[in-house]
Amino acid sequence: MTVILDCEITAHQEIAPGHKRIVLRAAPIAAAAAPGQFCMLEAHEGLYPFLRRPMSIEHIYKDGISILYKVLGLGTRLLAHMPTGAVINVQGPLGNSFPLPEGYDRYLMVGGGIGIAPFPALAEAIMQRLGRTPELVAAARSDGQLLLVKEFARMGCPVHIVTDDGSAGMKGYASDALRALEPDERTLVYCCGPTVMMAAVHEVCAERNVTCYASLEAEMACGDGVCMGCVVETTAEDEARRMARVCREGPIFDTRDINWKAGVRP
Ligand SMILES: Cc1cc2nc3c(=O)[nH]c(=O)nc-3n(C[C@H](O)[C@H](O)[C@H](O)COP(=O)(O)OP(=O)(O)OC[C@H]3O[C@@H](n4cnc5c(N)ncnc54)[C@H](O)[C@@H]3O)c2cc1C
Ligand code: FES
């Protein structure tokens with residue numbers, strides 16, 4: 001069940017240049033949350049910016065959640081200045097969650113930049129509920145922008161690093177690293193990152209008949225299915241089901257259900 005809650009910030013620290021983790025005391029959200037869901041965070045001075053900002057849930061704890069975010073514009077800059085002990089209004093959990101089907105030989109998460117944010121909770125669920133250890137493809141422009149690599153290694157997840165400029169790991173894109181791992185239909189892929197990356201990951205998976213679930217992004221106003229501001233085009237033939245709301249039918253979609261050529265948000 002979704003709630004709107006004033007949450008105490010119990011920790012807030014920089015984990016890499018321009019990237020922060022915020023930990024929130026939010027037991028009712030944690031109790032209802034599943035990996036892949038998101039929250040809408042209210043970060044404003046006076047009334048501006050008016051709209052809450054959507055953020056994926058990174059970890060689900062007993063008494064709260066953490067969120068990993070990149071400082072981009074006004075909303076995240078204001079958020080970045082909120083001290084430990086302050087209170088922030090949060091709506092969540094929202095959206096659907098990553099499917100966790102049993103029976104695959106390999107579970108592979110592909111994260112580009114801050115797109116890695118929902119994967120710690122997913123990895124924990126795969127380990128606890130399915131008894132499997134997922135692998136991670138961590139992709140970034142360069143070495144300094146890689147996130148959470150040590151954390152995943154500590155969890156025991158094999159980590160495959162790929163950077164655009166070759167400053168760490170393999171030189172290339174996330175989709176190149178995925179192709180090199182030779183996924184087949186016994187592999188389940190999850191991905192999150194820039195749209196161009198997710199479209200390329202989808203191509204690799206489609207070629208090999210691999211199921212892939214992507215966490216999509218869209219600019220959101222209400223976050224809860226009302227405003228229709230976050231719609232994406234699907235491959236559904238039925239016109240009534242052609243457009244899907246990222247906040248309600250998503251943010252997790254089977255990549256075969258998305259019309260990548262229709263221009264999902266860049
Ligand atoms: C379901 C969902 C989960 C998300 N999870 C995370 C997360 O875990 N960590 C994280 O750092 N970010 C996440 N985002 C993106 C995050 O919501 C935006 O980065 C944030 O809203 C930007 O707010 P701002 O006020 O700082 O920037 P703005 O001033 O609104 O914009 C600054 C720049 O960011 C771009 N931008 C704005 N909204 C988005 C968006 N939704 N996606 C991509 N670019 C955007 C703008 O076009 C502009 O270039 C998520 C988005 C969605 C929809
Ligand atoms: S953000 Fe309003 S319907 Fe999705």
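Being a predicted model, the structure only gives us computed values, none of them experimental. Remember, it's 1-based here, ligands and their atoms both numbered in the order they're listed. In this chain, residues are counted from 1 in sequence order.
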K.L.:
How about atom 2 (Fe) of ligand 2, which protein N, O or S atoms come within less than 2.8 Å?
P.N.:
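N, O, S partners closer than 2.8 Å: Cys222 SG, Cys227 SG.
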K.L.:
If we only consider heavy atoms of Pro49, is any one of them less than 4.0 Å away from an atom in ligand 1?
P.N.:
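Pro49 does not count as a contact of ligand 1 under the 4.0 Å cut-off.
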K.L.:
Where does the angle between the aromatic ring planes of Tyr104 and Tyr107 fall among parallel (under 30°), tilted (30 to 60°) and perpendicular (over 60°)?
P.N.:
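Tyr104 and Tyr107: perpendicular rings.
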K.L.:
Under 3.5 Å, N or O to N or O, is Leu68 touching ligand 1 that way?
P.N.:
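Checking ligand 1 against Leu68, an N or O pair does fall under 3.5 Å apart.
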K.L.:
Does any pair with a residue in residues 160-193 pass ring pair (Phe, Tyr, Trp, His ring centres under 6.0 Å), and if so which ones, sequence neighbours excluded?
P.N.:
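Pairs touching residues 160-193 that pass the test: Phe98-Tyr190.
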K.L.:
Which pair of non-hydrogen atoms, one from Leu94 and one from Gly223, has the smallest distance, and what is that distance?
P.N.:
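Heavy-atom minimum between the residues: CD2-O, 3.6 Å.
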K.L.:
If the cut-off is 4.0 Å to any non-hydrogen atom of Leu74, which atoms of ligand 1 fall inside it?
P.N.:
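Answer for ligand 1: 25 (O), 26 (O), 29 (O).
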K.L.:
Report, in ascending order of atom number, the atoms of ligand 1 lying under 4.0 Å from any heavy atom of Ala218.
P.N.:
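Once the distances to Ala218 are compared, the set is 41 (N), 53 (C).
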K.L.:
Heavy atoms only: which of Glu217, Glu58, Met55, Glu219 is nearest to atom 14 (N) of ligand 1?
P.N.:
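The option holding the nearest heavy atom is Glu217.
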K.L.:
List the residues meeting salt bridge (Lys or Arg N to Asp or Glu O under 4.0 Å) with Arg256, not counting sequence neighbours, and say none if there are none.
P.N.:
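With sequence neighbours excluded, Arg256 shows a salt bridge (Lys or Arg N to Asp or Glu O under 4.0 Å) to Asp254, given in chain and number order.
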K.L.:
Looking at Thr76, which atoms of ligand 1 are within less than 4.0 Å of one of its heavy atoms?
P.N.:
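Counting atoms of ligand 1 from 1, those under 4.0 Å from Thr76 are 24 (P), 25 (O), 26 (O).
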K.L.:
Taking all atoms of both residues into account, what is the closest heavy-atom pair of Gly36 and Ile252, and its distance?
P.N.:
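Distance-wise, the nearest heavy atoms are O-CD1, 3.9 Å.
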K.L.:
Under 3.5 Å between any N/O of Tyr69 and any N/O of ligand 1: does that happen in this structure?
P.N.:
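No, no N or O pair falls under 3.5 Å.
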K.L.:
What are the atoms of ligand 1, with element, lying closer than 4.0 Å to any heavy atom of Ala117?
P.N.:
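Those qualifying, in numeric order: 8 (O).
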K.L.:
Quick check: Leu216 and ligand 1, any N/O pair under 3.5 Å apart?
P.N.:
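By distance alone, the answer is no.
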K.L.:
With a 4.0 Å cut-off, would you call Arg248 and Asp224 a salt bridge?
P.N.:
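Salt bridge present between Arg248 and Asp224.
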K.L.:
Using the side chain to side chain donor-acceptor pair (under 3.5 Å) definition, which of the options Glu58, Gln13, His12 pairs with Arg21?
P.N.:
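When side chain to side chain donor-acceptor pair (under 3.5 Å) is applied between Arg21 and each of Glu58, Gln13, His12, only Glu58 qualifies.
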K.L.:
Indicate whether any N or O donor in one side chain lies under 3.5 Å from an N or O acceptor in the other, for Asn259 and Arg242.
P.N.:
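No, because no side-chain N or O of Asn259 sits under 3.5 Å from a partner of the opposite role on Arg242.
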K.L.:
Can you list the atoms of ligand 1 that are under 4.0 Å from a heavy atom of Ser56?
P.N.:
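Matching atoms, with element in brackets: 3 (C), 4 (C), 5 (N), 6 (C), 7 (C), 8 (O).
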K.L.:
Starting from Val3, can I reach Met55 by hopping between I/L/V/M/F/W/Y residues whose side chains sit under 4.5 Å apart?
P.N.:
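Both belong to a single hydrophobic cluster.
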K.L.:
Can you check which of Cys230, Pro251, Gly250, Gly73 brings a heavy atom nearest to atom 32 (C) of ligand 1?
P.N.:
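It is Gly73 that holds the nearest heavy atom.
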K.L.:
Membership question, hydrophobic clusters at under 4.5 Å side-chain separation (ILVMFWY): are Val137 and Ile114 in the same one?
P.N.:
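No; tracing contacts between hydrophobic side chains, which count when under 4.5 Å, never links both residues.
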K.L.:
Measuring from atom 33 (C) of ligand 1, which candidate in Leu41, Leu72, Ile116 has the nearest non-hydrogen atom?
P.N.:
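The residue whose heavy atom sits nearest atom 33 (C) of ligand 1 is Leu72.
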K.L.:
Is it possible for you to say whether Ile126 and Leu108 belong to one hydrophobic cluster, with membership spreading through side-chain heavy-atom contacts below 4.5 Å?
P.N.:
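No, Ile126 and Leu108 fall in different hydrophobic clusters.
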K.L.:
Once salt bridge (Lys or Arg N to Asp or Glu O under 4.0 Å) is applied, do any residues pair with Asp105, and if so which ones, sequence neighbours excluded?
P.N.:
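Listed in chain order: Arg186.
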K.L.:
Is it the side chain (CB and beyond), the backbone, both or neither of Met220 that lies under 4.0 Å from ligand 1, heavy atoms counted?
P.N.:
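Contact part for Met220 vs ligand 1: side chain (C-beta onward).
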